[in-house]
Amino acid sequence: MQTELTYSPFAEIETELLAVLAADSQTAKGAEAKPAPVLLAADEVVKKAAEAVLRSGEYKAAANETLLLHSPAGLKARRLLIVGLGKLAKVKTQGVRNAVGAAVRYAKPRGIRELALILPEIGPATPPREVGRAVAEGAIVGDFDADTYKSDRKDMSVERFRLVAAETADQEPLEAAFGEGVIVGESQNLTRSLVNEPGNKLTPTVLGQRAAEMAQAVGLGWDVYSTEKLHELKMGAFWAVSQGSAEPPALIVLRYEPEGVTDGPVLGLVGKGITFDTGGISIKPSDNMEKMKYDMAGGAAMIGAMRAIALLKPKVRVIAVICAAENMPDGKAYKPGDVQTAMSGKTIEIVNTDAEGRLVLADGISYAKQLGATHLIDAATLTGAIGVALGLVNAGAFSNDDETFSRFEEALKVSGEKFWRMPLGDEYADQIKSDIGDIKNTGGRHGGACTAAEFLHVFAEDTPWIHLDIAGLAWIDETRPYIAKGPSGVAVRSIVEWVRSY
Ligand code: BES
Ligand code: MN
Ligand code: ZN
């Protein structure tokens with residue numbers, strides 16, 4: 001999708017489809033006559049074109065509700081699409097992001113290849129800068145569909161998307177914001193395209209190649225190691241998971257080293273990259289097992305985030321460590337009861353080979369620290385339990401450091417993503433004490449997401465650290481008006497923003 005930011009009177013825009021946002025302006029409940037929805041365009045001609053239908057009461061401007069007018073009076077555009085934001089007083093940037101995605105997804109199946117959107121003017125709570133960014137992200141994320149393997153696939157992508165602002169707009173900040181949004185949106189889609197790949201196409205080795213290609217394209221440093229390096233680093237936990245697979249593991253390292261930055265923090269991004277999780281010897285039931293191709297979504301989020309970081313150029317050093325392996329049952333596979341020694345020297349009793357993510361991350365975290373990371377963030381489709389705790393609404397976030405976490409909370413305001421802070425604690429740590437080694441890799445049925453986080457905490461130790469459990473949100477089962485079903489690319493935007501806070 002080609003994206004542009006232009007300035008012109010709105011009535012003059014020549015386009016197949018001109019999208020404009022609208023909101024429900026009713027303030028008090030039970031007010032006598034319900035006021036007509038308001039169009040968020042400071043332009044009398046556009047308002048006039050939509051006036052009759054807005055007055056009719058047929059259209060409520062509910063969130064992502066669309067209404068199409070052909071040959072709108074007084075406009076050069078062939079169609080006018082009104083997209084709702086819900087209640088005006090409650091509009092947030094995330095609502096704009098979604099509404100723009102809904103506009104793009106309206107155009108796609110109708111064969112409309114080009115559209116323009118009027119920059120909405122909402123109010124002080126949503127400054128043009130934030131909105132400009134959300135518009136670009138919403139359009140690019142909305143354009144993605146996971147249908148690449150259909151042999152009769154008709155690429156329904158929108159080829160050209162224009163954001164149109166009034167000529168009086170403050171151009172510089174808007175341009176910067178729009179440009180950032182393009183970078184972040186495309187990076188999120190890179191993550192989604194990786195997550196979408198099936199396990200036979202995207203092995204650990206291929207994930208390493210894709211990461212290296214990205215790194216080369218944007219000028220990041222990179223190394224992709226395999227079995228030998230795992231042995232050299234004594235990564236007994238990571239190796240245990242990969243030893244049952246015919247596919248060798250990949251230890252992927254990406255480095256962002258901005259010129260002139262030689263001190264200050266080094267941010268370590270650690271991602272779970274299980275390209276397929278059968279559960280291993282503790283094999284999973286076959287229902288829904290095919291979904292376990294997305295068990296590398298945390299690793300893919302780090303690859304997408306590193307792309308955005310390379311292009312946005314924040315003044316902070318960042319290293320990403322992605323631990324990619326396939327979790328398979330086999331004659332050589334690790335077994336329940338095995339004891340493995342992690343890179344840190346801690347011994348781990350394996351209770352369940354399906355709790356493999358924490359094992360690869362344990363060594364990934366130790367390695368990121370060895371490479372100099374002073375602050376850590378990891379992302380993983382770690383537990384089914386996080387979906388039980390938080391539903392498919394919020395992803396889980398854990399942290400051992402309030403200052404580090406408060407930066408993440410600020411980042412969420414920009415990214416619009418939903419994460420909920422979950423507790424760590426000694427009581428959870430007690431659940432993973434082992435009789436035979438230092439710790440065991442599962443802590444029983446209760447608080448599964450918390451005991452998994454405590455497992456990682458053993459390796460992060462006192463280094464300020466955030467753990468993101470994205471198991472519930474990395475895959476979307478039903479298409480929404482603004483995003484296709486399939487891989488969501490969750491966490492990319494928030495991680496990028498967290499990095500930029502340093
Ligand atoms: N990859 C799974 C977690 C998962 C579940 C991701 C559902 C996405 C959707 C992880 O490796 C796993 O199997 N976790 C186990 C842990 C248990 C054995 C302690 C789980 O959640 O059941
Ligand atoms: Mn598993
Ligand atoms: Zn897994």
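For ligands, and for the atoms within them, numbers begin at 1 and follow the listed sequence. In this text, all values refer to a predicted model and were calculated from it rather than measured experimentally. Every heavy atom of this structure was used, including side-chain atoms; hydrogens, water molecules and symmetry mates were not.
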| said: With heavy-atom distances below 4.0 Å as the criterion, list the atoms of ligand 1 near Asn352. | reply: 18 (C)

| request: Please test His231 against Glu228 for side-chain hydrogen bond (donor to acceptor under 3.5 Å, both in side chains), starting from the C-alpha separation and ending with a verdict. | output: CA-CA 5 Å; His231 292 324; Glu228 253 179 61; over 6 Å; no

| Centroid-to-centroid, His375 to Tyr502, below 6.0 Å? | yes

| task | Start with the C-alpha distance between Thr278 and Asn327, add both sets of side-chain angles, then the distance that settles side-chain hydrogen bond (donor to acceptor under 3.5 Å, both in side chains), and finish with yes or no. | result | CA-CA 6 Å; Thr278 64; Asn327 188 21; 5.1 Å; no

| Side chain, backbone, both or neither: the part of Tyr294 lying under 4.0 Å from ligand 1 by heavy atom | side chain

| Can an N, O or S atom be found in Asp295 less than 2.8 Å away from the Mn ion (ligand 2)? | no

| remark: For Val351 and Pro336, the nearest pair of non-hydrogen atoms, with its separation, is O-CB, 3.5 Å

| task | With salt bridge (charged side-chain N to carboxylate O under 4.0 Å, His left out) as the test, would you mind laying out the steps for Glu497 and Lys413 before giving the verdict? | result | CA-CA 9 Å; Glu497 239 8 76; Lys413 291 182 189 159; over 6 Å; no

| task | List the steps and the verdict of side-chain contact (heavy atoms from CB on, under 4.5 Å) for Leu220 and Met214. | result | CA-CA 8 Å; Leu220 290 169; Met214 180 283 290; 3.8 Å; yes

| message | Taking 4.0 angstrom as the limit and counting only heavy atoms of Lys272, give me the atoms of ligand 1 inside it, by number and element. | response | 1 (N), 10 (C), 11 (O)

| Nearest protein heavy atom to atom 19 (C) of ligand 1, by residue and atom, and its distance? | Thr442 CG2, 3.5 Å

| Is Lys291 near ligand 1, meaning one of its heavy atoms is under 4.0 Å from it? | no

| request: Using only N, O or S atoms, tell me which atom of Asp277 is closest to the Mn ion (ligand 2). | output: OD2

| For Glu356, the ligand 1 atoms whose distance to one of its heavy atoms is below 4.0 Å | 11 (O)

| query | Which of the numbered atoms in ligand 1 are below 4.0 angstrom from a heavy atom of Arg358? | reply | 16 (C), 19 (C)

| Apex the Zn ion (ligand 3); atoms Glu356 OE2 and Asp295 OD2; angle rounded to 10 degrees | 100°

| said: I'd like the name of whichever of Val388, Thr278, Asp277 reaches closest to atom 2 (C) of ligand 1 through any heavy atom. | reply: Asp277

| query | Is the distance from the Zn ion (ligand 3) to the nearest N/O/S atom of Ala380 under 2.8 Å? | reply | no

| said: Would Ala355 count as a polar contact of ligand 1, with the cut-off being nitrogen or oxygen pairs under 3.5 Å? | reply: no

| field | Selected option - heavy-atom contact closest to atom 5 (C) of ligand 1, from Gly279, Gly384, Ala297 | value | Gly384

| query | More than 12 non-hydrogen atoms from neighbouring residues, nucleotides or ligands closer than 6.0 Å to CG on Asp435, yes or no? | reply | no

| query | So, Arg493 side chain and Val414 main chain: donor-acceptor pair closer than 3.5 Å or not? | reply | no

| query | So does Lys284 have more than 12 non-hydrogen atoms from other groups sitting under 6.0 Å from NZ? | reply | yes

| query | Quick one: does Ser187's side chain have a donor or acceptor within less than 3.5 Å of a partner on Ala305's backbone? | reply | no

| note | Per residue Asp277, nearest N, O or S atom to the Zn ion (ligand 3) is named OD2

| request: May I ask which of Thr383, Asn441, Leu382 has a heavy atom nearer to atom 10 (C) of ligand 1 than the others do? | output: Leu382

| said: At less than 4.0 angstrom from any non-hydrogen atom of Ala471, what atoms of ligand 1 do you find? | reply: 6 (C), 8 (C)

| said: Please verify the inter-ring angle class for Trp475 with Tyr294; under 30° counts as parallel, over 60° as perpendicular, anything in between as tilted. | reply: parallel

| note | Here the atoms of ligand 1 under 4.0 Å from any heavy atom belonging to Met292 are 1 (N), 6 (C), 7 (C), 8 (C), 9 (C)

| If only atom types and distance count, is the side chain of Arg210 paired as donor or acceptor with the main-chain N or O of Ala300 below 3.5 Å? | no

| task | May I have the angle between Asp354 OD1 and Glu356 OE1 with its vertex at the Mn ion (ligand 2), rounded to 10°? | result | 120°

| task | Look at atom 13 (O) of ligand 1 and find which of Val351, Asp354, Ile274 reaches it with the closest heavy atom. | result | Asp354

